[in-house]
Amino acid sequence: MVVTIDGPAGAGKSSAARELARRLGFRFLDTGSMYRAVTLAAVERGIDLADSDALVEVAEQVEISLDEDRVLLDGRDVTRAIRTLEITSATKFAADCPRVRARLVDQQRRVAEGMDVVTEGRDQATVVFPDAECKIFLTASEEVRAERRYLDLVGRGEHVTREEVLDKQRVRDNGDCTRAVGKLYKADDAIEFTTDGLTREEVVDHLMKIVEKRR
Ligand code: C5P
């Protein structure tokens, strides 16, 4: 069974999807971390992110593996390094590049082959797994999403203001919703669910009910 969870940044997708996968005993696939890992590799190699040929080359050379809690880039643990403000903003270049997307989409399908998965991202229901048995579109208001992200960043020791986080979120939302390939939108057959005012436990309880109905 494939459960897709798509939605904008800060809707609480990652933590809810991870916990949902744990409760179901399914594999969890955080596809955003793959775009982030390609970006980190490109930044570390000093390549011009706007040079799509160079970016595709990096995407083809690196090995990204995702285990339960960690993201490995060529065997190195980059779980924290891919979540800085710098990498978050720079990830738009990899996400906007159709050839990088094609490569990562292939990899995502291979990971899911023959497995029960909860997969989370922007294009999981629309592009990667159009035949998924259960599709969820998770959203939250702009303010709630920005506040979550702000608290998350401060918790990681980043020095940011709420305004900065909201500004960057708007830029990211705009990029996610307008890119030529793999843009964020709700699949016709996805169930939309707003997480404003709910705890992670409440969100996961609700998601479990949605999944159970389709099992
Ligand atoms: O979900 P997360 O914030 O970690 O994703 C990082 C970036 O990767 C997002 O801003 C989005 O633009 C991009 N992304 C994507 N397609 C996905 C997952 C993430 O374009 N399936």
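In each ligand, atom 1 is the first atom listed, and ligand 1 is the first ligand listed.
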Margin query: I need the nearest protein heavy-atom contact for atom 21 (N) of ligand 1: residue, atom name and distance, please.
Written below: D123 OD1, 2.8 Å

Notebook entry, point to check: Any Lys/Arg nitrogen of R109 or E113 sitting under 4.0 Å from an Asp/Glu carboxylate oxygen of the other?
Noted result: no

Notebook entry, point to check: Considering only the protein, which heavy-atom contact is closest to atom 10 (O) of ligand 1, and what is its distance?
Noted result: R172 NH1, 2.7 Å

Next item on the list: State, yes or no, whether a side-chain contact exists between F193 and H206 at a heavy-atom distance under 4.5 Å.
Entry: yes

Checklist line | Atom indices of ligand 1, in the order listed, that fall short of 4.0 Å to a heavy atom of Q124 | finding: 21 (N)

Check: With a 4.0 Å cut-off, would you call R70 and D67 a salt bridge?
Finding: yes

Item checked: For R179, the ligand 1 atoms whose distance to one of its heavy atoms is below 4.0 Å -> 12 (O), 20 (O)

Check: Can you tell me which residue and heavy atom of the protein come closest to atom 1 (O) of ligand 1, and the distance to 0.1 Å?
Finding: R122 NH1, 3.0 Å

Item checked: Heteroatom proximity flag, T91 to ligand 1, N/O under 3.5 Å -> no

Note to self: Looking at D188, I'd like to know if its CG atom is crowded, meaning that more than 12 non-hydrogen atoms belonging to other residues, nucleotides or ligands lie closer than 6.0 Å.
What the structure shows: no

Notebook entry, point to check: How far is atom 11 (C) of ligand 1 from its nearest protein heavy atom, and which residue and atom name does that atom have?
Noted result: D176 OD1, 3.2 Å

Check: Quick one: nearest non-hydrogen protein atom to atom 4 (O) of ligand 1, plus distance?
Finding: R36 NE, 2.7 Å

Margin query: I'd like to know if K92 contacts ligand 1, where contact means a heavy-atom distance under 4.0 Å to any ligand atom.
Written below: no

Notebook entry, point to check: Hey, does M115 have a side-chain heavy atom less than 4.5 Å from the side chain of F26?
Noted result: no

Item checked: Any R101 heavy atom less than 4.0 Å from ligand 1 -> yes

Checklist line | Side-chain touch L104/T31, heavy atoms, less than 4.5 angstrom | finding: no

Notebook entry, point to check: Closest non-hydrogen protein atom to atom 13 (C) of ligand 1, residue and atom name please, with distance?
Noted result: A95 CB, 3.9 Å

Notebook entry, point to check: Would you say Q108 contacts ligand 1, with heavy atoms under 4.0 Å as the rule?
Noted result: no

Checklist line | Heavy-atom nearest neighbour in the protein, as seen from atom 19 (C) of ligand 1, with distance rounded to 0.1 Å | finding: G32 CA, 3.5 Å

Note to self: Treating K135 as the side-chain partner and A125 as the backbone partner, does any N or O pair qualify as donor plus acceptor under 3.5 Å?
What the structure shows: yes

Margin query: I'd like to know if the side chain of D176 reaches the main chain of L184, judged simply by a donor and an acceptor atom lying under 3.5 Å from each other, with no hydrogens or angles considered.
Written below: no

Item checked: Residues R18 and E120 bridged, charged N to O under 4.0 Å -> no

